[in-house]
Every structure is written in structure tokens, then in C-alpha cells.
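A quick write-up on the structure given underneath.
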Amino acid sequence: MKFGVVVFPGSNCDSDTLYVVKEVFNQEAEFLWHKDHDLKNSDCIIFPGGFSYGDYLRSGAIARFSPLIKEVREFALNGGLVLGICNGFQILLELGLLPGAMLRNKNLKFLCQHVNIRIDNTDTPFTLAGNIGQVLSIPIAHFDGNYYIDNNSLKDLHKQNQIVFRYSEQNGNLSKKSNVNGSINSIAGLINKNGNVLGMMPHPERASEAILGSDDGRVIFESIIQYFDKVKKPQPC
Amino acid sequence: MKVRVLVSFKDSILDPQGKTVEHSLHTLGYDFVDEVRQGKVFELELKGISREKAEKIIPEIADKVLANPIIEKFSFEIMD
Amino acid sequence: MKVRVLVSFKDSILDPQGKTVEHSLHTLGYDFVDEVRQGKVFELELKGISREKAEKIIPEIADKVLANPIIEKFSFEIMD
Amino acid sequence: MLDEKTITDHGLTSEEYDQIVRLIGKHPNLTELGIFSLMWSEHCSYKSSKHHLKKLPVTGKNVIQGPGENAGIIDIGGGLAAVFKIESHNHPSFIEPYQGAATGVGGILRDIFTMGARPIVSLNSLRFGPLSLPKNRAIMDGVVGGIAGYGNSIGVPTAGGEIYFNECYSLNPLVNAFCLGLAKKDKIFYARAEGEGNAVLYVGSKTGRDGIHGATMASAEFNDDLEEKRPNVQVGDPFREKLLMEACLEIMEKSLIIGIQDMGAAGLTCSTSEMAANAGSGIEIDLDLVPQREKGMTPYEIMLSESQERMLIVAKNEKIKEVQQVFSKWDLEAVVIGSVIKGGNLIVKSSGKRVVDIPVNAIVNLCPVYEREMRPPESYAPPLIIKEIPLPQDYNSSLLKLLSSPTIADKKWVFRQYDHMVQTNTVFFPGADAALLRIKNQKRALAISLDGNSLYTSLGPKTGGAIAIAEACRNLACVGAYPAGVTNCLNFGNPEKPEIMWQFQQVIEGIAEACKAFEIPVTGGNVSFYNDTDGISILPTPVIGVVGIMDDINTAVSPGFKAKETPIVLLGENQEELGASEYLKHLHKKEKGCPPELDLIKEKAVQKLCLEAISQRLLLSAHDLSEGGLAICTAECAFLSPAKIGCSLSLSESMRTDALLFGESQSRILVTVDKTNLERLLTLSQEFGVPANILGKTGGDRLIFFHNNKKVIDTAVKDAFNIWEQSIPDFFEPK
Ligand SMILES: Nc1ncnc2c1ncn2[C@@H]1O[C@H](COP(=O)(O)OP(=O)(O)O)[C@@H](O)[C@H]1O
Ligand SMILES: [Mg+2]
């Protein structure tokens with residue numbers, strides 16, 4: 001399958017993400033320049049982490065005005081797989097492809113550290129290779145990761161099973177301490193109603209090789225690849 | 001023409017930055033400070049546009065770009 | 001009493017955020033926007049303090065806590 | 001002719017002024033004077049330090065570029081070169097901590113990518129006054145925020161560094177920023193304006209009235225007119241710098257240019273004159289073409305501005321279009337502002353008039369060099385009469401107290417604000433002995449350590465200088481890397497004081513001697529003088545950065561205990577030394593005595609042994625002994641083990657217990673080995689002539705020390721860990 005990694009001028013996890021899908025998972029992958037109008041036949045679009053426009057104004061706010069966004073939006077509305085990581089998640093929120101908004105971390109500091117996240121939904125193309133309740137150790141690196149949504153919409157998220165990852169203790173329990181950035185309901189990642197657009201604050205591309213301290217993030221890329229192999233490939237008749 | 005757009009969190013949203021400022025003012029002995037909320041201000045210099053037009057288009061800009069309506073509200077003033 | 005304190009970079013200081021917002025407004029076709037400067041706004045709720053006292057003490061607070069006088073300037077308004 | 005006050009206000013002596021007149025054959029006008037004042041400032045000219053810096057060894061078989069360029073370069077094999085340097089941003093960080101530190105990071109990044117290298121890692125070395133004072137907390141909070149704000153945004157991991165606290169930094173904090181980049185060996189670019197007729201391009205942000213006289217400010221003491229100097233602070237724009245970096249690396253990759261130089265301190269002045277001087281040519285620019293942020297700027301202001309995120313490029317005329325295309329792709333300006341000319345002059349035009357016309361050689365190379373007077377201070381090392389130091393009643397509480405000293409305590413509060421993982425190369429995070437970075441698709445890796453203990457250098461400048469090198473190398477040895485190149489930042493007081501100059505000279509001697517012993521070249525660095533406020537100087541503070549190479553990343557060793565029931569072995573020997581220790585300072589409030597002795601032959605042997613043991617995969621963990629000595633080192637090994645494994649050690653040496661536990665004798669490394677490898681390690685130690693003593697073994701959840709069969713420390717790892725971990729956060733996040 002083919003991944004397309006969108007490059008905004010201030011993206012800085014673009015190369016890391018491309019490296020992982022290409023070199024670690026041996027998939028086809030290309031950068032997609034934000035000023036172009038070409039998705040280069042990608043099967044899965046990734047908005048990588050970084051500071052798309054310096055994160056001036058608000059994290060991810062200015063990226064949504066880039067030319068390529070039009071194509072990505074259409075792609076997403078037609079069911080194409082879109083993964084937003086960190087700043088990518090913030091962009092998806094600003095774009096309205098996912099509900100809610102990000103506030104500053106509760107301690108008002110940038111946080112870079114490994115956290116534990118629990119998989120709460122494996123019924124998605126991004127987590128189907130994982131298990132419910134499985135705890136992953138994955139790094140976060142963000143200033144604005146304190147997820148917010150109003151109460152009614154939050155109920156909706158629960159009802160529709162849209163919450164995919166939650167910050168947890170190593171044993172999977174939720175606690176105030178493990179909810180490092182103060183996100184509502186410890187939400188670390190969520191998916192849209194149609195189940196094809198996922199946003200997550202932790203960086204799976206930083207946890208895909210054991211030498212970097214954890215390879216728990218592999219399950220996300222493996223899921224996407226498996227999903228594509230099984231579901232999307234035309235079955236021989 | 002100078003326009004000032006004020007963007008701040010909706011009242012229902014916690015404002016930890018404001019709280020931090022509030023706390024440090026209390027530590028410094030400014031007890032009469034009851035509450036602090038922190039927001040952003042944008043000062044726009046416009047040219048070649050009428051006042052009426054500006055009054056219509058500024059809310060559009062604020063809504064679309066300057067504020068995130070999920071968490072923020074805005075107000076604006078035309079200064080001159 | 002409600003007080004609004006506006007803090008922004010001094011005019012001669014580079015304002016990268018304002019410049020970036022300005023650039024994106026231009027990209028969106030809002031050509032009439034000539035310049036954008038971005039700053040902070042603090043809304044303080046005061047109690048048990050007279051207006052005169054407030055007028056004297058707010059600049060002190062602004063200078064000491066809310067603004068960094070080396071690169072920022074401030075202004076304030078007493079709202080009610 | 002300009003009046004005397006104007007000349008002295010520009011920091012030039014009357015002798016220097018006369019020299020200028022002689023060199024350029026006329027009285028300079030104001031703009032020309034401004035140019036000289038910047039380029040002949042201590043910060044840019046190294047007029048007080050040059051004479052001494054010559055003593056540093058600068059050659060070696062792997063050196064591609066030694067001192068003299070924006071950064072040093074060493075060959076690391078595999079067709080790759082490591083480009084690195086450290087630089088100070090002390091004065092701006094004191095005035096405006098956040099922006100000062102941020103622009104310090106921005107500046108050192110430009111020094112690296114201007115040579116064609118992509119920055120892959122940053123480190124920083126910080127010195128603050130005691131955190132008990134709110135002012136110091138505010139400075140530290142701002143500095144750390146600024147480093148994070150800039151580095152995180154641009155996407156270069158900040159993977160290590162060091163922080164010390166001492167009263168002397170209350171009015172003069174130090175911020176030294178290190179950066180390392182990787183370049184292809186055959187794609188390195190230099191600051192040269194070669195080829196008459198070639199175009200000179202200005203790229204990046206517009207010029208404003210930022211930091212006019214920043215370099216002169218960094219060459220003067222602080223006092224009451226500090227206020228006046230304030231508007232000189234620059235605001236950094238990491239986003240713009242990211243664009244600039246990508247665009248510059250792209251034009252260099254495409255070989256579109258001839259030379260390039262960043263505009264750091266002294267902006268257009270420095271970049272134009274240095275590029276021309278380096279190439280033996282002249283340069284002409286027209287200020288009307290320089291992109292300007294503010295209206296009505298004078299030639300003086302434009303030439304002296306230190307606006308950030310700008311570069312100067314020399315390119316062949318036929319390549320201008322392509323260069324501009326790349327910059328426009330990144331939404332940046334690239335404007336032709338002049339050309340390379342014959343002769344050797346810097347010619348600056350404005351509104352059709354020639355406002356500057358002076359020889360670049362005079363500006364760049366002919367600044368007078370001073371051999372300033374030197375004299376040891378009357379009492380620089382108050383002798384330590386060890387008997388006068390009372391023995392602690394309770395070593396448990398001494399240990400816990402020492403763990404809470406901010407100099408020793410956990411720095412997580414700081415480095416978790418830094419993105420230390422972006423670029424996915426960081427193998428050892430901040431907290432390990434050295435930052436360790438893999439190079440993708442290679443077995444080879446890079447390790448970096450910064451070091452500099454100013455208590456040592458104040459009490460024994462020469463030994464202290466040598467220890468800084470030795471310890472940085474020892475840190476590398478602990479992870480399994482051998483040293484390959486050195487950069488250094490020398491932070492001192494006013495060089496016009498003979499005592500300061502003496503400290504400087506002594507420290508350099510120590511550094512030079514140690515570098516020679518380790519056979520490592522110094523490839524560059526920075527000198528920051530005038531770190532004085534109201535006449536009081538900081539302690540002499542050299543900061544050493546050593547870059548090491550590791551042949552096989554898979555053999556890397558980290559400090560934390562790995563398993564229970566593994567023997568703990570001390571490589572090297574304990575001496576009864578307490579002078580200049582953190583223990584004396586923090587528990588007995590004494591900065592006294594001589595720093596520990598350093599025997600470079602022993603030091604080398606210990607490091608060689610450690611490296612050999614690691615390459616034979618004998619070690620499970622290794623950690624060097626430094627501030628706080630054996631007890632602190634052991635505690636850290638427990639804290640850094642994921643399972644927080646404890647240990648029990650039995651020491652049997654006839655010396656004071658406090659010296660044994662907390663003394664800072666050099667050339668010691670604490671290692672753990674699998675039982676099955678113990679014999680091999682001991683044999684290897686004998687071969688290297690290094691004492692190796694089995695002190696005990698890991699296990700349990702307590703830290704236990706016996707001295708001559710008497711239990712002197714027994715504390716739960718968890719409790720000790722909490723004290724160590726919470727010390728710094730508690731200053732900032734009061735409960
Ligand atoms: N302490 C030092 N040791 C070795 N070289 C030094 C030292 N200080 C400065 N240098 C060298 O002198 C040259 C000028 O330094 P500097 O003015 O800081 O460079 P830049 O202007 O690029 O920041 C550089 O090549 C630098 O490496
Ligand atoms: Mg330079």
C-alpha cells in the first residue's frame with residue numbers, strides 16, 4: 001500500500017514518519033507538499049507532528065488553509081484513511097474532521113516523555129491488530145494536548161465508540177496522574193464517526209524500533225497495513 | 001483603519017494561564033484581584049475598505065481564523 | 001470593577017505571530033489587511049478597591065507581572 | 001571627525017581609534033566607526049583571548065575544519081562529517097531569559113546549517129543562582145522555556161546538557177548552547193565571497209532595529225545603565241528559522257551557491273566583511289535593496305542590526321533564479337543586494353551615496369591583540385583543613401540532603417520540556433552519562449557530553465580545566481564511545497582584571513594538557529568575557545563539549561542497574577579528597593580546598609578499560625563518579641534502573657567515611673557485570689593496570705552501605721528517589 005505524508009512548512013516529524021513506513025514497514029511512501037494539489041495515489045494520508053506554521057495563532061490553525069487540504073478533505077469524506085499524529089491531530093480538529101479542540105497542557109509546560117495509553121477500541125483500521133485494554137508505551141511531545149469537548153458531544157463520542165486511546169497507568173487504570181496533560185476523560189486519540197480518520201497525540205513513529213526505547217507504536221502501522229491487505233485489496237474471484 | 005479583535009476562552013472553559021497569573025498576583029500581595037482571565041488581542045491595520053464593509057468582514061475573519069469557536073469567543077472594536 | 005490590560009510587543013520588536021497571521025490572511029484573499037500585531041489581553045476582576053487606587057496600581061501590576069517592559073508595552077482600561 | 005565621546009561610547013580606546021585611522025588612511029564616519037566597534041569588540045575579535053587560545057591543540061587526522069570557521073568539523077567515517085560548536089548567550093538571557101535563550105539556540109543552529117550540515121542534536125549548559133530566590137527561578141523558567149520553544153519548534157532534539165547552581169550566577173546566569181549537524185563530507189560550505197562579479201544575496205527575515213550593539217553589549221560589564229541596553233533584545237522566530245534551514249540545505253544540496261554565512265552577532269557587518277576577508281576579495285552592497293521591517297532605518301542601523309533568521313549568500317549570477325525559486329518555495333525572500341568586487345574593500349551604498357569604504361582586512365584581521373596582565377588572586381584556594389569539617393552524625397540524612405541539592409537532583413523538570421526525541425535518533429535520553437544518537441542505516445553512532453565544574457576551576461583553574469575534558473571523555477567512555485573532537489565555551493569575568501586573565505590562562509593550560517593526553521583536537525569554541533555584574537565576576541566557567549564516536553550502537557551501555565544479584569565493581573581508586581566537593585558546599589556551606597587530583601595516565605587507563613569491556617559486551621551498566629561521589633553515583637544507578645533495583649555495598653578503606661562516600665576523586669567508574677563475566681572483567685582490569693574492586697551486589701529495594709563492617713547508609717530506594725526527583729519541581733510547583 002502507499003502512504004502519503006503531508007509536509008507543511010513547519011512540519012518536523014515528516015521525515016521520521018516517512019522513514020518508519022518506508023524503512024521499518026517496507027511500504028511505499030511519499031511526501032505530499034502542502035502547496036500542491038496531488039495526493040499521489042496514496043491509500044493512507046498522514047498528517048505528521050511538528051509545528052505546521054510555528055503553531056502561531058493556535059496549534060494547527062493555519063495549516064488548514066493550505067491548498068492540499070481541499071484534496072485531503074475530499075479523500076477523507078470519501079472514506080480514505082487519514083491519520084493525524086500530534087500536530088496532525090490538532091490540524092484535524094481545526095479542520096473539523098474530528099470534533100473538539102486542544103487546550104494547553106494542564107501544567108502549562110511542553111511535555112516530552114513516554115506515556116502509557118490504553119487501546120479502548122480495536123474496531124478501527126488503525127488498531128485492529130491490537131487488543132482492547134492493551135497498554136502501549138509511546139512518547140508524547142506537545143504543548144497543547146489537553147483535549148476538550150463539550151459534554152453533549154462527549155456523550156456522543158462514548159456512544160459511538162469513538163474514543164480509541166486513553167492515557168492510563170501501566171496496568172491500564174485511568175488516574176489523574178496518568179492523565180498527564182489534563183485531557184477530558186483522559187482522551188489521547190479518537191476516530192471520526194465513519195471510522196476512517198484518526199487523531200492521536202502520542203507519536204507511534206517514535207516507538208516503532210526497539211532501539212528507541214519502545215516499539216509499542218508498531219501496532220498502529222501494522223493495523224493500517226493489515227486492514228489494507230485484507231479489506232481494501234480487491235479479492236480474487 | 002485600525003481594528004482590535006479580542007479573543008478569549010468561553011466562560012465554560014477553564015483558563016489555567018489566567019489562574020496562574022491570578023495566583024502569582026496573590027502571592028505578591030495584590031489581594032484585591034478577584035479573578036484573571038487571559039486572552040489574545042489582534043490589532044489589524046486595514047486599508048482601502050469602508051467602515052461598513054469592515055463591520056461585516058471582521059466577524060467573518062475572527063470566526064474563521066482568529067478564534068476557534070469551539071472554545072473561544074471574540075469581540076471587536078473599530079478604533080478609528 | 002473590571003479592568004482590561006492589553007499587552008503587546010513594542011512597535012520596533014518583531015512580532016512573528018502577527019506576521020504569520022497577516023500572511024495567512026493574505027493567502028485567504030483578505031488583501032485589505034495591511035498589518036497584524038498580536039498581543040495578550042488580561043481581564044481582571046477587582047474587588048474592594050477604589051477607582052483611583054486601581055488607576056495607580058494597575059500600571060504597577062502590568063509592569064511587574066503582566067508585561068515584560070523590555071520588549072512589551074501595555075495599556076489598560078477600567079471597564080465599569 | 002567624530003568626537004571623543006562617540007568613540008568611547010563605541011567601546012574603542014583612543015589607541016584603537018588611532019590604529020583604525022592608520023589602517024584605513026582616514027577618519028571613519030559614524031557607520032564605519034560602528035562597524036569597527038562591532039568587529040573589534042571582544043566578542044567578535046577575541047583580542048584578549050587569541051594569544052592564549054593558540055595553545056589549544058587543533059590538529060588531528062580526523063579534523064576537516066578546526067577553529068576559524070562557523071563551526072568545527074570532524075570526519076566520522078562512512079562519508080559523513082560531524083559539524084559542531086558551542087556558543088554562549090549569557091548577556092541576552094539575563095536581560096530577557098526566554099528570548100535570550102531562544103535566540104541563542106537559533107544562532108548556534110545557523111552556525112551549523114550554514115556549513116551544509118543538517119542539525120541533528122542540541123545540548124545546553126546552564127548556570128543559575130540558587131533557586132530559593134524567585135528571581136533565579138524566573139530566569140531559569142524563562143531560559144528553559146526559550147530553549148524548548150525554539151528547539152522544539154524547529155525540530156532538533158535537545159538531548160542533553162548540564163545545569164549547576166551557584167550564588168555567583170544570580171546576577172549573571174550562563175546559557176551555553178551546543179549544536180551538532182551531519183553533512184556529507186564532499187558537501188561542506190564555507191563563508192567565502194569568491195569570484196569577482198558574483199552576486200551577493202540577502203535571504204531570510206527582514207532587517208529591523210533589533211539588538212543594535214548586541215556584540216558590544218556582550219563585551220561589557222553590566223551595571224546600572226542596564227536599563228538603557230534593554231531594547232537591544234531580539235525576539236526569535238523559530239518557524240522562520242525552520243524555513244531558512246530547509247531552504248539553505250536545499251540550495252546547498254543542489255550546489256547552487258559558492259559561499260554562505262549566517263548573520264549572527266554583528267549581522268550584515270560581520271557576514272559581508274568576513275566572507276570577503278576569507279576569500280581575499282572585496283564586497284559591495286546597496287542598503288536600499290536590503291529588506292527592511294521598519295521605516296527610516298539609517299545605514300548605521302542596517303549595518304549593525306542583529307535581526308535574527310538571516311543569511312548572506314554568494315552565488316554565480318546564472319544561479320540567482322534557481323536560488324530564488326527555492327527560497328520562494330519556502331516563502332522567504334532572497335534578494336540580490338550587491339556583488340563580489342576586486343580589491344579588498346567593503347563598500348556600502350545608500351541612496352546612491354557611498355557610506356562605507358574600508359578594507360575588510362582591517363575590519364576582520366587587524367584588530368589589536370592584547371597580552372593582558374595576569375596575576376593569581378591573593379587567596380584563590382582557601383586551604384581545607386579536613387579536621388575542621390565535622391563528621392556527619394547520620395550518613396543517611398547526608399545522602400538524602402545531597403540528593404536534594406539542585407546541582408545533583410533530577411533535571412527531568414527541565415528536559416521534559418525539551419523535545420529530545422524528534423528525528424528519531426536519540427537512543428539515550430537526557431539523564432544518561434552522554435547523549436547517544438544513532439545514525440540511521442549505520443552501526444556507527446555519536447555520543448556527546450558537556451561538562452564544566454566551576455567550583456573546581458575556581459579553586460584550581462588548571463586542574464579544573466583538565467578535569468572538565470577528562471570527565472566529558474569519561475562520560476563518553478561510560479556509554480561506549482571514544483572521544484573524537486572538542487568544542488569549548490569559556491565563560492569568564494572581565495579580562496582587564498589580571499586575576500581573571502590568570503584564571504583564563506590556567507584553565508586553557510589545563511584543557512590543552514588534557515586534550516593532548518587524550519589526543520583529541522579542539523575544533524572551535526567561543527569565549528564569553530565580561531560576565532560581571534557590579535564589579536563581581538562569576539567563577540571561571542569553562543564548558544567543554546566532547547563529541548565521541550561509537551563503532552557499534554548495539555553495544556551501548558546505560559547507567560541504570562539492569563538486574564538483581566549482579567556484582568558491582570568500582571574501576572579506579574578512592575582517595576581521601578573532599579576539596580571543592582558538592583558535599584562541602586551543600587552540607588557544610590564551604591567552597592574550599594583543592595579540586596580532586598587528576599592523573600591523566602590513570603584516567604586514560606580507566607576509560608580505555610571501560611571501552612574495551614563494553615566492546616567485549618562485559619558490562620551491564622556503567623556510570624562515572626562525579627559530583628557527590630560514590631554514594632550519589634550508586635544512588636543514580638538505582639534510580640535509573642527501570643525497576644529501581646537497590647544494592648548493598650561494603651567498603652573497607654581507611655579514610656573518613658564522608659570522603660569515601662561523597663568525595664569526588666577522579667578516574668572512577670562504577671559498573672555492574674553478569675556474574676559469569678566477573679572474572680573476565682577483573683583480568684582485563686589487570687591488563688590495563690586499573691584497580692577493580694568488587695564493592696557489593698545489586699538487589700533489594702534499599703541502598704545499603706557498610707564502611708569497615710559498620711552500616712552507614714540504609715535507605716529505601718523509593719524514598720531517596722522521591723527526594724531526588726522532587727527537589728527541582730518543588731521550587732517551581734509549590735504544593
Ligand atoms: N575557546 C575557543 N576554543 C577554540 N576556538 C575558539 C574558541 N573561541 C572561539 N574560537 C574560534 O574562533 C572563531 C570565531 O568565533 P565566533 O566569533 O564565536 O564565531 P561566530 O562569529 O561564527 O559565532 C570560531 O572559529 C571559533 O571556533
Ligand atoms: Mg557564525
Side-chain angles (χ1 to χ4, degrees), chain A residues 6-14 32-38 47-74 84 86-88 90-97 101-110 142-144 146, chain C residues 1-47 54 57-77 79:
Chain A
V6 182
V7 183
F8 296 101
S11 300
N12 64 29
C13 302
D14 44 350
L32 309 176
W33 181 238
H34 72 114
K35 283 187 193 171
D36 293 341
H37 283 284
D38 187 0
F47 283 137
F51 287 69
S52 45
Y53 278 82
D55 277 3
Y56 297 149
L57 188 59
R58 291 183 307 280
S59 302
I62 298 179
R64 78 200 135 121
F65 303 124
S66 278
L68 187 74
I69 291 299
K70 187 167 161 272
E71 282 72 25
V72 177
R73 197 188 282 277
E74 271 164 30
C86 194
N87 193 238
Q90 294 162 341
I91 294 170
L92 292 173
L93 295 171
E94 286 279 344
L95 265 173
L97 284 175
M102 285 299 175
L103 301 170
R104 208 120 263 215
N105 295 343
K106 68 178 174 193
N107 70 343
L108 299 176
K109 299 275 181 228
F110 191 96
H142 60 244
F143 214 145
D144 303 294
N146 180 352
Chain C
M1 189 174 6
K2 202 181 192 129
V3 178
R4 178 185 284 165
V5 183
L6 295 171
V7 175
S8 61
F9 280 132
K10 289 180 180 165
D11 291 338
S12 60
I13 301 270
L14 173 75
D15 172 17
Q17 303 218 53
K19 274 275 164 281
T20 307
V21 173
E22 184 182 311
H23 184 83
S24 75
L25 289 178
H26 289 166
T27 330
L28 289 171
Y30 300 112
D31 302 323
F32 53 84
V33 176
D34 200 34
E35 207 199 338
V36 181
R37 308 268 306 166
Q38 182 173 339
K40 289 180 253 182
V41 53
F42 299 89
E43 301 206 321
L44 283 68
E45 192 58 55
L46 310 185
K47 63 161 187 231
I57 211 151
I58 294 297
E60 181 188 314
I61 290 183
D63 203 59
K64 215 154 109 180
V65 183
L66 306 180
N68 178 350
I70 297 154
I71 47 176
E72 291 170 328
K73 58 179 188 189
F74 68 88
S75 66
F76 71 99
E77 302 159 51
M79 311 294 288

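Since this is a predicted model, take the numbers as computed values, not measurements. A, B, ... follow the sequence lines: proteins, then strands. Residue 1 opens every chain.
Contacts between A:Ile62 and chain C at a heavy-atom distance below 4.5 Å involve the side chain alone, from C-beta outward.
Pairing each heavy atom of C:Thr20 with each of A:Tyr53, the nearest pair is CG2-O, 4.0 Å.
For residues 25-42 of chain C, the interface with chain A (any heavy-atom pair closer than 4.5 Å) comprises C:Leu28, C:Gln38, sorted by residue number.
Counting heavy-atom neighbours within 6.0 Å of C:Lys2 NZ, excluding the residue itself, gives a total of 12 or less.
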